[in-house]
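Proteins get letters first, then strands, A, B, ... in listed order; numbering begins at 1 in each.
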Amino acid sequence: MKGFLYKRILQLIPTLLIVAIIVFFITRMLPGDPAAVMLGPQASAEDIAAYSEKLGLNEPLHKQFFDYLINLATFDFGNSLTYNRPIMDLIIERFPNTIILAVSALLLAVMIGVPAGIIAARKQNTIIDYSVTTLSLIGVSMPIFWLGVMLVLYFSVNLGWFPATGMGSLEEGFGSFIRHLILPSVALATIPTAEFARIIRSSMLETISQDYIKTARSKGLKEFKVINKHAFKNALTPLLTVIGLQFSGLLGGAVLTETIFSWPGMGLLIVDAIEKRDFVVVQSTVIFIAVIYVVINLIVDILYKVVNPKVNLDSNSGGGK
Amino acid sequence: MNNVQGIEEARDIQYRKSKKEQSFIRKLLRNRFAALGLFVILLLTATAIFAPYFATHDPYEMDVTKTLLGPGEDGHILGTDSYGRDTFSRIVFGARISLLVGVAAVLFGAVLGSLLGLISGYFGGRTDAIIMRIIDGMMAFPFILLAIVLMTVLGQGLVNVIIAIGISNIPGFARVVRGQVLTVKESEFIEVTRSLGAKHGRILFKHVVPNSVAPLIVYATMSVAGAIISEASLSFLGLGVQPPTASWGSMLQEGKNFLVLSPELATFSGLVILITVLGINLFGDGLRDALDPKMKL
């Protein structure tokens, strides 16, 4: 396990390096003065000159790249001109809000999607199965920004149940916090919920037809136990992979969801920065999200191994469950 | 006599059944969901091509005296937007943008991504390692974020939207094709071809590519749905095609600002996105099941 951990962590380095190179080249290969483009149209000539100097654009390319890497490695993203603050401060302020939204959406998706998938598989070819399948097909096709707007229209504007925008602070009470959280979480959770239901359903169907499930049944185990102890555990591995994949979708989807609900997270920061043409903030935030995404994938990989030790580890094989 | 005819008929049926393409199309169309999906796709294509005939008004004609009309008012089937433009006609013309971006961006990503995947999978070794590390790096960006970053540097515009979404599609195609190539490469007939002295190019394009096509088609179909959503997302964020071009995403963004006065604008522009994407996904699912039910995509 230790060796595996080291190996996976070492593998992060080239990936992160590539991320850095991609962003570096996107910004440097631009036609025109990169400082002018990154600062946007409203920047003055002095700003551009100062920024060129700060970026070291007058230096040779390899030195520029080296300095850029050092800045990234020390989390020094520089200052935002439009926000007039260090970009890292902005990220530290916004990032927890995105995590709150993403995690609550993920929990919601697991709580609804997984049981829905299990029930659909248990009641295959019944009306329940068809409903779950149809709803999950609609779910994966959902443009979540539209769903968000529709949720605001029906539950905020028409019914007045939930606030349309913003994030409740915990000082205003837990109730307000939750009320603000519900609509954006539902919007963001839609696609993962549908994905989980689909994955769990098909992998449960596959597992239920296996011999050891038949054995478990024939030896008189209660149906609940068969499903819970045997079938579900084996259907869990594909779910974990999908959770990892969905998290990237959540981070991306958060950009749209946060815009609709004015949720003060990373997504709203990016969109605000785009509107202000503050590309330095856009690029730094995107690099940050890419790093987080890579780290989350690493955690999923490790979990994957914990749940299913047979993967790659020969010494632990034999545990059939 | 009758008996012989019967046997012959049976043999005939058997023969026809063995014809792969026929059974494929039959399988596909027997799937009611796939047929429904195909219908949506055909309807969308027809709407895009014959937009001027379907549209009841000029989608760009403004009329300040008729802003934000409700459905059915003054001959506007779905009402008008804040500039007094006919919503229905704009949705009809928006199909052009969605379809064009969806297909062109996926083609862009498919060609470049497949090429990378082919080279990577076929040659293996260091080439594979380098290409796959680049692909990993690209995949470290959530799809829509990569498109957003590219749009911020490329600037608004239809061609740039296609390029940005196209580039974001490269890693997926590269991975799918590489996986296929690795499987096909190991098969015996490739070994035989190679020992007969065939060159790399011939092996790749005459043998490896045709055997990798099925999953590629399924993946491409699903990707068109994703590209359409991405275009709408970018336009919704104000990063997509330039106004006043009718795009479903930008219409939805406008509708969001007039949610209380005119909820129809947001409702219908988003509903067509959902129906389109759902149709393509239904068709893609059917396609996968008909081609190879065991395919993991």
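Residue contact with chain B, scored on non-hydrogen atoms closer than 4.5 Å, involves the side chain of A:M150 exclusively. With a threshold of 4.5 angstrom between heavy atoms, A:I270 approaches chain B through side-chain atoms but not through N, CA, C or O. For a residue to count as touching a neighbouring chain, one of its non-hydrogen atoms must lie under 4.5 Å from one of that chain's; by this rule B:M139 touches chain A with the backbone only. Contact annotation for A:V149: both backbone and side-chain heavy atoms come within less than 4.5 Å of a heavy atom of chain B. For B:I135, no part sits under 4.5 Å from any heavy atom of chain A, backbone or side chain. In this structure, the portion of B:L150 lying under 4.5 Å from any heavy atom of chain A is its side chain and not its backbone. Contact of A:V19 with chain B is made through backbone and side chain together, with heavy-atom distances under 4.5 Å. No part of B:A225 comes within reach of chain A, as not one of its non-hydrogen atoms sits under 4.5 angstrom from that chain.
The most heavy-atom pairs under 4.5 Å with chain B, out of A:L251, A:V157, A:I260, come from A:I260. Across B:I134, B:D136, B:I144, the residue that shares the most heavy-atom pairs under 4.5 angstrom with chain A is B:I134. Contact count versus chain A (heavy atoms, under 4.5 Å) is highest, among B:I280, B:I148, B:L259, B:V149, for B:L259. The most heavy-atom pairs under 4.5 Å with chain A, out of B:T267, B:N281, B:L252, come from B:T267. In terms of non-hydrogen atom pairs under 4.5 Å with chain B, the most contact-rich of A:N158, A:V271, A:I289 is A:I289.
Under the salt bridge (Lys or Arg N to Asp or Glu O under 4.0 Å) criterion, B:R96 pairs with no residue, sequence neighbours left out.
Counting non-hydrogen atoms of neighbouring residues, nucleotides and ligands closer than 6.0 angstrom, the CD1 atom of A:I127 reaches no more than 12 such neighbours. For B:F33, the CZ atom counts as loosely surrounded, since its 6.0 Å shell holds 12 or fewer non-hydrogen atoms of other residues, nucleotides or ligands.
Note on ring orientation: taking the six-membered ring where Trp is involved, the planes of A:F95 and A:F288 are perpendicular (angle over 60°, cut-offs 30° and 60°).
When each of B:S269, B:S262, B:S82 is checked for a side-chain hydrogen bond (donor to acceptor under 3.5 Å, both in side chains) with B:E254, only B:S82 meets the rule. Among A:L151, A:L183, A:V186, A:V152, the one residue that satisfies the side-chain contact (heavy atoms from CB on, under 4.5 Å) test with A:F162 is A:L183.
Salt-bridge annotation for B:D128 and B:R133: absent, with no side-chain N of the basic residue lying under 4.0 Å from a carboxylate O of the acidic one.
B:S247 and B:E231 are linked by a side-chain donor-acceptor pair at a separation below 3.5 angstrom, with hydrogens and angles left out of the test.
Under the 3.5 Å distance criterion, the side-chain polar atoms of B:Q156 are left unmatched by any main-chain donor or acceptor of B:Q242.
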